[in-house]
J.: 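Pasting a structure here, questions to come.
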Amino acid sequence: MEGIVVNIEGEAFEPGKGHSTEDVLKRLKKVNAIALRAHDGYIFDISSLSGLPEGVHEVTAVTANSPEGLAICRHSASHVMAHAVKDLYPSAKVTIGPSTVDGFYYDFDVATPFTPEDLSAIEKAMQKIVKRNNPFVRKTMSKADAIELFKSMGEAYKVEIIEAIEADEVSLYEEGGFIDLCRGPHVPSTAAIPAFKLLKTAGAYWRGDEKNKMLQRIYGTAFATQEELKHHLEFLEEVKRRDHRRLGKELDLFSIHDDIGSGLILWHPNGAMIRKTIEDFWRDRHIKAGYKLLFTPHIAKIDLWKKSGHLDFYHENMYTPMDIDGADYEIKPMNCPFHIAVYKSNLRSYRDLPIKYAELGTVYRYERSGVLHGLLRVRGFTQDDAHIFCRIDQIEAEILDVLDFTLYVLRTFGFENFDVYLSTRPEKYVGSLDNWEIATEALRKALENKGLKYETDPGEGVFYGPKIDIKVKDSLNRQWQCSTIQVDFNLPERFDVTYRASDDKEAMPIMIHRALMGSLERFFGILIEHYAGAFPLWLAPVQVSVLTISERQADYAKQTANSLATVGIRVETDFGDEKIGYKIRQSSLKKIPYAIVIGDKEMDSGALALRKRNGENLSFSDFNSLLGFLQEEIEQRR
RNA sequence: GCCGGGAUAGCACAGUGGUAGUGCAGCUGAUUCGUAAUCAGCAGGUCGAGGGUUCGAAUCCCUUUCCCGGCUCCA
């Protein structure tokens, strides 16, 4: 351990020089260190302090408060879970058990799936193991020995895993008699797993491949403190509370019916009003941004899809063709071929470019029944699609434009944080290397020009071109993919799309596909959860409710409501014989942004009282000042 | 598609072999009230669908449809 510096909470310790090894270990224990991080980010067990690899001269204590430390805790928790499962169900075979972004899981091969009661029994067994404070002991052995060991234990999956490992030596961890193959690192001992909870069970294929056996997965989570665990569980409750399927029903926004078909959405009046507002905004802004709007059919002859390549590359998501007068027609999974047909309906000059076509195009795609999910994964949806035909020298400017436009639109819907990804050329691709290079650089430059932080996903582009994906973060900080901007070298080629260049020769434009919201259905689902159903005034299906204290004010209130409706405010009235508290409660449950309460006072004075959804009260001396207030808020879309 | 769980009144749910229930919503009546639930009465069901076991099935068995959680973040 000579010559090694150990940083603990900002203090440097040098075992052998002023500090004894015991002191350092004690100190590490005192701060609840669970691992050590080297400069290059590599993480070691605390026990490896005495045997650090050559070249490592300085390490820093890692606690469960850091992301790495927490991941280690969770990983160790998954081992403890496997230990508990083996104790309770000795015939269970262990497989893999990693930590995840918000917890951990472990997959087991068991004869009968786990029940919720099993889960709490396992959790209790885990608590006992944690209490015993068994040290995690790392061992290494040769591959051959490890294979022998796990064979003798009957752990066939572990044998399979070891056989696939390339190194000569593998590491094992033992804790309280439970041995598992593991790369590590782990917490020093089981008591260093402060707060954990098992959450749910699920089927999961071995190695995620549906050709393999189905294993039983147990999900759990762990945190540095009970407090944080509690917060996380509350967060999960909040997620449930905001579930768009639940709110969709409660607020009468949309429905899905068995007898109509899975993954097919019916927009109810409230949802349809929101969609109409979104669409109006979308169309208006697109026209202002120089897009031309299109409407195209829902079906087309099968040859079109052969030519576009969809039948080759996309047929798994397409429905069986229908026969019309002896010709096969396909319901459309994409809008692009139609937009190309519009482009090709005329000769185009280089002076015409860029040509930007936009359409709210409804497409139908086959999704496996198991993946359908409310509005977020459906079989019929409307894309806010657009195709930009431009010259290759225009790509950067166009992308820049699209980026600006996208961020403007997303911000209007209350999304302020984005994660941006640039996906580059995959192994299988079409188009020339030159074009890929130019297009990828154009995307990159546009991102840098906008000062957007982005991650590069090498090789993750589509076969026909590089792309930028933008993921929004909602009010619960969850990430959703909405926008995508994709360069396409393929379709112009396939459809022989051309323009007349300045040198009088035929040239091929580049196509940019882009969607800002992705699909209206999905975006709506995300919005419902983002706003927890409490839509801002400009989007709210009903903007104001007019409520009376008693029957006496009904006529007067009716006039007020009519005056609002006449200028386009969406109003609902409640003149029933319930008490005002009841009416306000009803209005609040419907998440109507404002309630106007009218009693004798208002009737006599002409003043108006406006109650916000959150209980706050505002008063206005007359109708016009109230109207002005509402109109300004609508105008500003906040 | 696969594994597990589920489907009972418009909604949320209870009901493990013996008369199908509760709350909210709905309807009717009373009440006319000042910022998140006034009171009373009434009505509402092929217990997802089909078949079977049984004297008797929401309940047990089989089939089927749909919904929910998941199905690599790689020792």
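Chain letters run A, B, ... following the sequence lines, proteins first and then strands; every chain starts at 1.
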J.: Cut-off 3.5 Å, side chains only: do A:Y157 and A:D107 have a donor facing an acceptor?
T.: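 Note: A:Y157 and A:D107 side chains miss the donor-acceptor criterion.
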J.: Taking atom types as they are modelled, would you say the side chain of A:Y205 forms a donor-acceptor pair with the base of B:G70 within the 3.5 Å cutoff?
T.: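 Answer is no: no donor-acceptor pair is held.
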J.: Suppose we define a pair by two distances each less than 3.5 Å, Watson-Crick or G-U wobble; what does B:G45 pair with here?
T.: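 Pairing partner: none.
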J.: Does a side chain donor of either A:W480 or A:E529 reach within less than 3.5 Å of an acceptor in the other side chain?
T.: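 There is no such pair between these side chains.
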J.: Please measure how far the C1' atom in B:G69 lies from the corresponding atom in B:C55, and state the result in whole Å.
T.: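 41 Å, rounded to whole Å.
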J.: Would you say A:Q553 and A:D600 are linked by a side-chain donor-acceptor pair, where the criterion is simply a distance under 3.5 Å?
T.: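 On atom types as modelled, these side chains qualify, holding a pair under 3.5 Å.
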J.: Have a look at A:Y219 and tell me which of A:F196, A:Y106, A:Y105, A:F114 forms a ring pair (Phe, Tyr, Trp, His ring centres under 6.0 Å) with it.
T.: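 The single option meeting the ring pair (Phe, Tyr, Trp, His ring centres under 6.0 Å) with A:Y219 is A:Y105.
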J.: Do any side-chain nitrogens or oxygens of A:Y219 fall under 4.0 Å of OP1 or OP2 in B:C71?
T.: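 So the side chain of A:Y219 is within the cut-off, an N or O lying under 4.0 Å from OP1 or OP2 of B:C71.
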J.: Looking at A:H373, does any N or O in its side chain come under 4.0 Å of the phosphate oxygens OP1/OP2 on B:G69?
T.: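 The answer is yes; a side-chain N or O of A:H373 sits under 4.0 Å from OP1 or OP2.
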J.: Under 4.0 Å, heavy atom to any atom of RNA chain B: which of residues 142-162 of chain A qualify?
T.: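 Of all residues in residues 142-162 of chain A, the ones placing a heavy atom under 4.0 Å from RNA chain B are A:K158, A:I161.
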J.: Under the ring pair (Phe, Tyr, Trp, His ring centres under 6.0 Å) test, which residues partner A:Y42, sequence neighbours left out?
T.: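 Counting only residues at least two positions away or on another chain, A:Y42 forms a ring pair (Phe, Tyr, Trp, His ring centres under 6.0 Å) with A:F44.
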J.: Tell which nucleotide pairs with B:G18, taking only Watson-Crick or G-U wobble pairs whose two distances are both under 3.5 angstrom.
T.: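 Per the H-bond distance test, B:C55.
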J.: Report the distance from atom NZ of A:K213 to atom P of B:C3, rounded to the nearest whole Å.
T.: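 One finds 12 Å between P of B:C3 and NZ of A:K213, rounded.
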J.: Rounding to an integer number of angstrom, what distance separates B:G34 and B:U28 when you compare their P atoms?
T.: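 Their P atoms lie roughly 25 Å apart.
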J.: Rounded to whole Å, how long is the line connecting atom CD of A:E367 with atom C1' of B:C67?
T.: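 After rounding, the reported distance stands at 17 Å.
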J.: When the nearest nucleotide of RNA chain B is assigned to A:E210 and to A:G263 on a heavy-atom basis, which residue is associated with the more 5' position?
T.: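 Taking each residue's closest nucleotide, the earlier one in sequence belongs to A:E210.
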J.: Measuring only the C1' atom in each nucleotide, how far is B:U63 from B:C71? A whole number of Å is fine.
T.: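 The same atom, C1', in both gives a distance of 25 Å.
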J.: Could you state the CZ-C1' distance from A:R246 to B:C67, rounded to the nearest angstrom?
T.: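 After rounding, the gap between these two atoms is 17 Å.
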J.: Any protein N or O atoms within reach of nucleotides 33-38 of chain B? Criterion: under 3.5 Å, listing atom names and distances.
T.:
unit_1	atom_1	unit_2	atom_2	d
B:C33	OP2	A:R552	NH2	3.2
B:C33	N4	A:D577	O	2.5
B:G34	O6	A:D600	N	2.9
B:G34	O6	A:K601	N	2.8
B:G34	N1	A:E602	OE1	2.8
B:G34	N2	A:E602	OE1	3.3
B:G34	N2	A:E602	OE2	2.8
B:U35	O2	A:R611	NE	2.8
B:A36	OP2	A:R611	NH2	3.2
B:A37	N9	A:R585	NE	3.4
B:A37	N7	A:R585	NE	3.4
B:A37	N7	A:R585	NH1	3.2
B:A37	N7	A:R585	NH2	3.4
B:A37	N6	A:R585	NH2	2.6
B:A37	N1	A:R585	NH2	3.0
B:U38	OP1	A:E578	OE1	3.4
B:U38	O4	A:E578	OE2	3.4

J.: With nearest nucleotide decided by heavy atoms, which residue, A:K200 or A:Y366, maps closer to the 5′ end of RNA chain B?
T.: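 Its nearest nucleotide being more 5', the pick is A:Y366.
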J.: When you compare the side chains of A:S545 and A:K583, does any donor N or O come within less than 3.5 Å of an acceptor on the partner?
T.: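 On atom types as modelled, these side chains do not qualify, holding no pair under 3.5 Å.
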J.: Does any nucleotide pair with B:A25 by Watson-Crick or G-U wobble geometry, both distances under 3.5 Å, and what is it?
T.: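 Paired with B:A25, as far as the under-3.5 Å criterion goes, is no nucleotide at all.
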J.: Can a donor-acceptor pair be found between the side chains of A:E633 and A:Y594 at a distance below 3.5 Å?
T.: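 Yes.
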J.: Less than 6.0 angstrom separating the ring centers of A:H186 and A:H75, yes or no?
T.: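 Under 6.0 Å, so yes.
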J.: Report the residues that fulfil side chain to side chain contact (heavy atoms under 4.5 Å, CB included) with A:T221, sequence neighbours left out, ordered by chain and then residue number.
T.: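 A:T221: side chain to side chain contact (heavy atoms under 4.5 Å, CB included) contacts with A:R74, A:L199, A:F223, A:L229, A:H232.
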J.: Mind checking ring pair (Phe, Tyr, Trp, His ring centres under 6.0 Å) for A:F575 and listing every partner two or more places apart, or none if nothing turns up?
T.: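 For A:F575, no residue satisfies ring pair (Phe, Tyr, Trp, His ring centres under 6.0 Å) once neighbours in sequence are set aside.
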J.: Now, which nucleotide makes the Watson-Crick or G-U wobble pair with B:A30, with each of the two distances under 3.5 Å?
T.: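 Its partner is B:U38.
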J.: Would you mind classifying the nucleic acid contact of A:T201 as base, sugar-phosphate or nothing, using non-hydrogen atoms under 4.0 angstrom?
T.: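 A:T201: no heavy atom of the nucleic acid under 4.0 Å.
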J.: When rounded to the nearest Å, what value does the distance between C1' atoms of B:A30 and B:U16 take?
T.: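 These two C1' atoms come out 44 Å apart once rounded.
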J.: Under 4.0 Å from any atom of RNA chain B, heavy atoms only: list the residues of residues 232-244 of chain A that qualify, in numerical order.
T.: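 The stretch gives none, as no residue of it lies under 4.0 Å from the strand.
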J.: Excluding sequence neighbours, so at least two apart, what forms ring pair (Phe, Tyr, Trp, His ring centres under 6.0 Å) with A:Y556?
T.: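 So A:Y556 forms no ring pair (Phe, Tyr, Trp, His ring centres under 6.0 Å) with any residue.
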J.: Answer with yes or no whether the side chains of A:D45 and A:Y173 bring together a donor and an acceptor at under 3.5 Å.
T.: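 A:Y173 vs A:D45: donor-acceptor pair found between side chains.
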J.: Would you tell me whether A:T484 and A:D469 have side-chain atoms, one donor and one acceptor, within less than 3.5 Å of each other?
T.: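 On atom types as modelled, these side chains qualify, holding a pair under 3.5 Å.
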J.: Across all strands shown, which nucleotide pairs with B:C73 by Watson-Crick or G-U wobble geometry, both distances under 3.5 Å?
T.: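 In the structure as shown, B:C73 has no Watson-Crick or wobble partner.
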J.: Can A:K471 be said to sit on top of A:Y421's aromatic six-ring, NZ or CZ under 6.0 Å from centre and within 45° of the ring axis?
T.: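 Flagged: A:K471 positioned over aromatic ring of A:Y421.
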J.: Send over the distance from A:F114 CZ to B:G70 P, rounded to a whole Å.
T.: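 It works out to 18 Å between those atoms.
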J.: If you measure from the C1' atom in B:C11 to the same atom in B:G44, how many Å do you get, rounded?
T.: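 B:C11 and B:G44 have their C1' atoms separated by 13 Å.
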J.: Considering only the C1' atoms, how many Å lie between B:A49 and B:C42, rounded to the nearest integer?
T.: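 One C1' to the other, the span is 32 Å.
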J.: Mind checking the C1' distance from B:G21 to B:A37? Whole angstroms is fine.
T.: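 Roughly 23 Å separates the two C1' atoms.
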J.: Show each protein N/O and nucleotides 60-66 of chain B N/O combination with a separation under 3.5 Å, one pair to a line.
T.:
unit_1	atom_1	unit_2	atom_2	d
B:C66	O3'	A:S262	OG	3.3
B:C66	O2'	A:D258	OD1	2.5
B:C66	O2'	A:D258	OD2	3.2

J.: Could you give the CZ-to-P distance, from A:R207 to B:C73, as a whole number of Å?
T.: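 It is 13 Å, rounded to the nearest whole Å.
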J.: Determine: side-chain N/O of A:R368 to OP1/OP2 of B:G70, distance under 4.0 Å, yes or no.
T.: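 Indeed not, no polar side-chain atom of A:R368 lies that close.
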J.: Could you check which nucleotide pairs with B:A7 in any of the strands shown, counting Watson-Crick or G-U wobble with both distances under 3.5 Å?
T.: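 Matched B:A7 with B:U65 under the 3.5 Å cut-off.
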J.: Who are the side-chain hydrogen bond (donor to acceptor under 3.5 Å, both in side chains) partners of A:D252, not counting sequence neighbours?
T.: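 So A:D252 forms a side-chain hydrogen bond (donor to acceptor under 3.5 Å, both in side chains) with A:H268.
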J.: Just to verify, what does A:A561 make a side chain to side chain contact (heavy atoms under 4.5 Å, CB included) with, not counting sequence neighbours?
T.: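 Counting only residues at least two positions away or on another chain, A:A561 forms a side chain to side chain contact (heavy atoms under 4.5 Å, CB included) with A:V546, A:V571, A:T573.
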J.: Can you confirm whether the side chains of A:E175 and A:H83 place a donor and an acceptor under 3.5 Å from each other?
T.: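 Side-chain D/A pair, A:E175 to A:H83: present.
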J.: Side chains of A:R365 and A:Y314: is there a donor and an acceptor less than 3.5 Å apart?
T.: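 Note: A:R365 and A:Y314 side chains meet the donor-acceptor criterion.
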J.: What residues form a ring pair (Phe, Tyr, Trp, His ring centres under 6.0 Å) with A:F150, not counting sequence neighbours?
T.: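 Partners of A:F150 by the ring pair (Phe, Tyr, Trp, His ring centres under 6.0 Å) criterion come out as none, since no residue qualifies.
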J.: If we take the C1' atom in both B:G56 and B:G18, what is their distance in whole Å?
T.: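 The answer is 7 Å between these two C1' atoms.
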J.: Heavy atoms under 4.0 Å is the rule here; annotate nucleotides 6-13 of chain B 5' to 3' with B where the base is hit, S where only the sugar-phosphate is, and - elsewhere.
T.: -----SS-
